[in-house]
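Right, one structure below, let's go through it.
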There are 2 protein chains.
Amino acid sequence: MNKRQPITIKEVAEKAGVSQMTVSRVLNKQKLVKASTRERVEAAIAALNYKPNLMARGLAGGRSKLIGLAYYNPSPSYLSALVVSALKHCRDLGHHLVIEDLSDIEDGLDTTMILKRLSSIQLDGLILAPPLSGNTKLLELMQDIGIPTVLLGSTDDRFKQSSVVFDDRAAAYTMTCHLIDLGHKKIGFIRGPHELPWSRKRQEGYEQALIDKGIQIDKKLILEGDFTFRTGMHRGDDLLELPDRPTAIFASNDDMAAGVIAAAQRRSIQIPKELSVVGFDDTAIAAAIWPRLTTVRQPIAEMAQASVDIISDVTAESWNGEPVRLVNDSIHIVERESLAPPA
Amino acid sequence: MNKRQPITIKEVAEKAGVSQMTVSRVLNKQKLVKASTRERVEAAIAALNYKPNLMARGLAGGRSKLIGLAYYNPSPSYLSALVVSALKHCRDLGHHLVIEDLSDIEDGLDTTMILKRLSSIQLDGLILAPPLSGNTKLLELMQDIGIPTVLLGSTDDRFKQSSVVFDDRAAAYTMTCHLIDLGHKKIGFIRGPHELPWSRKRQEGYEQALIDKGIQIDKKLILEGDFTFRTGMHRGDDLLELPDRPTAIFASNDDMAAGVIAAAQRRSIQIPKELSVVGFDDTAIAAAIWPRLTTVRQPIAEMAQASVDIISDVTAESWNGEPVRLVNDSIHIVERESLAPPA
DNA sequence: TCATTTTATGATAGGGCTAACATAATGACG
DNA sequence: CGTCATTATGTTAGCCCTATCATAAAATGA
């Protein structure tokens with residue numbers, strides 16, 4: 001039928017007996033259209049089944065309705081939580097999501113490549129997922145290109161960029177206190193890579209809790225992983241081989257916690273009877289192993305949604321130019337089966 | 001510096017002392033440019049750090065460099081494997097990936113909504129991930145709009161659409177034979193939802209293997225799950241409660257296999273000593289539990305890549321109009337720790 | 001009532017690029 | 001050296017929409 005030749009704004013205008021501009025105004029929900037005219041135009045749009053051409057819009061107006069989401073070596077569960085939520089919200093707001101994988105951009109940071117990709121596509125804004133949001137050079141670059149950027153999980157006051165962060169420190173603090181309140185005194189901690197700010201934040205929360213509860217920090221109980229299952233298992237092995245092994249292990253993400261559980265199960269250590277294991281993030285894997293992980297929920301979906309909102313707002317004309325900084329402070333411990341008082 | 005006003009093709013043309021069209025031809029890698037001219041233009045592009053404007057390109061040429069990837073209620077690991085791989089390949093080919101979540105499109109299939117979203121964005125092509133690729137109504141719709149579509153994991157000869165499929169039947173057959181060859185005779189099977197073609201295919205493979213090896217099919221050993229960890233655990237419980245319980249369980253995806261392992265561990269059944277468990281897909285979870293899952297690898301990454309290739313080719317002018325149908329027949333069993341000969 | 005503000009609509013001009021055709025330069029060959 | 005094919009480049013006209021400014025209509029007020 002009318003498939004080959006898409007309807008254009010011109011035809012709608014004719015059908016409604018108005019100018020293209022009026023149709024455009026209706027489409028963009030501007031105020032200056034009489035109610036009766038608006039209705040007529042909307043009827044014409046519906047009748048012709050008209051859909052505005054994004055490309056033309058982007059070209060003419062400068063706004064593309066395209067939001068970028070860039071990441072770097074993501075954990076699958078984190079990525080999909082992020083993508084799914086961002087996507088849902090994009091759709092609600094009439095945007096589209098363009099995913100950019102910057103994984104093979106080395107620390108050398110191939111500026112040319114990134115620039116080429118990002119600046120040719122006229123994104124309305126860009127969401128930088130961790131750990132990209134901690135990459136100063138990249139932030140600088142974005143500031144230069146002038147794409148409105150939202151940093152996820154990290155802020156940097158040197159740049160005028162919006163951000164949505166989670167209080168990692170407080171979350172880790174809360175979880176550690178929870179462990180201590182249950183009676184644990186020897187709590188192993190597996191931190192993330194030292195170069196990532198949230199690794200540090202989580203460790204700080206852990207240490208502060210120990211201090212506040214009057215427990216000596218034992219450096220032997222603090223090991224570093226890289227947020228993967230594999231290193232979680234290795235560091236778990238290390239902790240379990242200690243002559244006086246911990247009664248609980250707090251891994252600073254779920255993948256590593258799953259690794260610790262695997263390590264314990266290989267040694268036939270009963271969880272949670274002989275060893276408690278807790279994680280961080282509440283990603284899909286937390287509920288997909290047995291015993292299921294007790295973990296701190298990181299509100300990934302909410303944060304993704306907030307990021308999309310910010311870009312949507314920043315793109316709007318009413319924006320005052322100030323970066324938006326959101327802190328999500330909903331700390332919630334998801335109780336499952338991997339945690340119990342010490343024997 | 002030169003950030004506010006992006007460089008346009010015009011400036012490049014001036015700098016190189018040629019017409020815009022020649023620059024355009026260089027950009028689009030057409031043949032009809034003299035080598036010396038091409039070099040001059042390329043130098044100008046590099047010098048000015050010019051990046052073509054996608055929107056303008058899409059508007060003028062009809063090709064947007066945008067490839068859509070639509071899904072419905074994905075498993076996180078499958079989704080991220082898909083996205084990451086499709087993305088990588090898109091980048092290599094200079095495309096961008098626009099993700100579309102059709103999850104809340106009910107079976108009623110809100111045509112208007114989908115149309116509105118998909119047809120306004122001028123996608124060069126659309127990849128339909130399972131189970132969308134099995135949705136006849138949707139396929140019909142796509143055919144009508146005329147977007148080149150690639151079906152992932154499913155074909156439908158009624159439509160002239162390309163597809164990339166995996167031989168689920170053969171893979172399940174191979175795995176089942178492998179179990180039997182190890183000495184297993186009572187093999188439980190947890191199938192997927194009956195409405196999905198690949199659920200059926202996998203079950204057929206399982207049953208055919210039993211038949212070929214002269215083992216009676218026992219319907220009590222075949223249960224249905226919905227590809228989630230949760231139902232895997234429940235059906236695992238069911239199988240393990242059987243008076244004469246199986247020595248091996250073949251779950252038709254990894255999430256369900258993980259559920260079976262959890263169920264066994266709760267009953268202190270040793271894996272693989274007392275029970276072997278195998279999965280299907282080789283997604284991230286297979287290596288993120290202990291014991292790690294022996295599973296059939298589904299080449300998600302390769303298939304995603306192939307899909308992108310197809311769209312890229314179909315978009316090219318040289319295309320002959322025929323749908324491309326690819327079958328990936330690289331069946332590979334990933335041996336890990338969850339499988340052993342029966343006690 | 002007419003001047004003045006406010007509100008609603010229209011006309012025009014691109015935005016950056018490519019398709020399609022037109023032209024110019026080059027080469028082949030009798 | 002002219003003819004014709006071939007290859008290389010240029011010109012022009014849009015693609016579909018929105019910004020901007022201009023105009024028209026309605027509302028306000030003295």
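A, B, ... follow the sequence lines: proteins, then strands. Residue 1 opens every chain.
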- Using only side-chain N and O atoms of Asn53(A), determine if any of them is under 4.0 Å from OP1 or OP2 of dC15(D). no

- Query: What's the closest nucleotide to the Ser19(B) side chain, out of dT11(D), dC16(D), dC17(C)?
  - Reply: dT11(D)

- Message: Quick one, Val324(A) and Val150(A) - any side-chain contact, counting heavy atoms below 4.5 Å?
- Response: no

- Query: Rounded to the Å, how far apart are Leu27(B) CG and dC17(C) C1'?
  - Reply: 10 Å

- Lys34(B) side chain, from C-beta outward: closest of dT9(C), dA8(D), dT18(C): dA8(D)

- Between atom CG in Leu54(B) and atom C1' in dG15(C), what is the gap in whole Å? 15 Å

- Query: How do Ala56(B) and Arg40(B) order along DNA chain D: which one's closest nucleotide is nearer the 5' end?
  - Reply: Arg40(B)

- Query: Hey, is the side chain of Thr22(A) poking within less than 4.0 Å of OP1 or OP2 on dA8(C), counting only N and O atoms?
  - Reply: no

- Item | Closest listed nucleotide, where the reference is the side chain of Leu59(A) and the choices are dC17(D), dG10(C), dG15(C) | dG15(C)

- Message: Please confirm whether the shortest side-chain N or O distance from Ser24(A) to OP1 or OP2 of dC17(D) is below 4.0 Å.
- Response: no

- Item | Min side-chain heavy-atom separation Leu69(A)-Ile99(A) under 4.5 Å | yes

- Does Leu152(B) offer a backbone N or O that forms a donor-acceptor pair with the side chain of Ser133(B) under 3.5 Å? yes

- Task: Record whether the side chain of Arg57(A) comes under 3.5 Å of the base of dG15(C) through a donor-acceptor pair of N or O atoms.
- Result: no

- Check Leu54(A) against Met55(B) and note the closest heavy-atom contact, atom names and distance. O-SD, 4.1 Å

- Give the rounded distance in Å between these two atoms: CG of Asn28(B) and P of dA20(C). 13 Å

- Among dA11(C), dG10(D), dC17(D), which nucleotide sits nearest the side chain of Ala60(A)? dC17(D)

- Can you tell me the distance, in whole Å, between the CZ atom of Arg25(B) and the C1' atom of dC17(C)? 13 Å

- Determine whether Tyr71(A) and Leu87(B) make a side-chain contact, defined as any pair of heavy atoms from C-beta on separated by less than 4.5 Å. yes

- Message: Nearest whole Å is fine: how far is dA8(C) P from Gln20(A) CD?
- Response: 21 Å

- Query: Could you state the CD1-P distance from Ile9(B) to dG14(C), rounded to the nearest angstrom?
  - Reply: 19 Å

- Item | Rounded interatomic separation in angstrom, taking CD from Glu39(B) and P from dA8(D) | 14 Å

- Item | d(CD, Glu11(A); P, dC17(D)) in whole Å | 9 Å

- Item | Closest to side chain of Thr8(A), choosing from dG16(C), dC17(D), dT9(D) | dC17(D)

- Task: Name the closest nucleotide to the Met21(A) side chain, picking from dC17(C), dT9(D), dG10(C).
- Result: dG10(C)

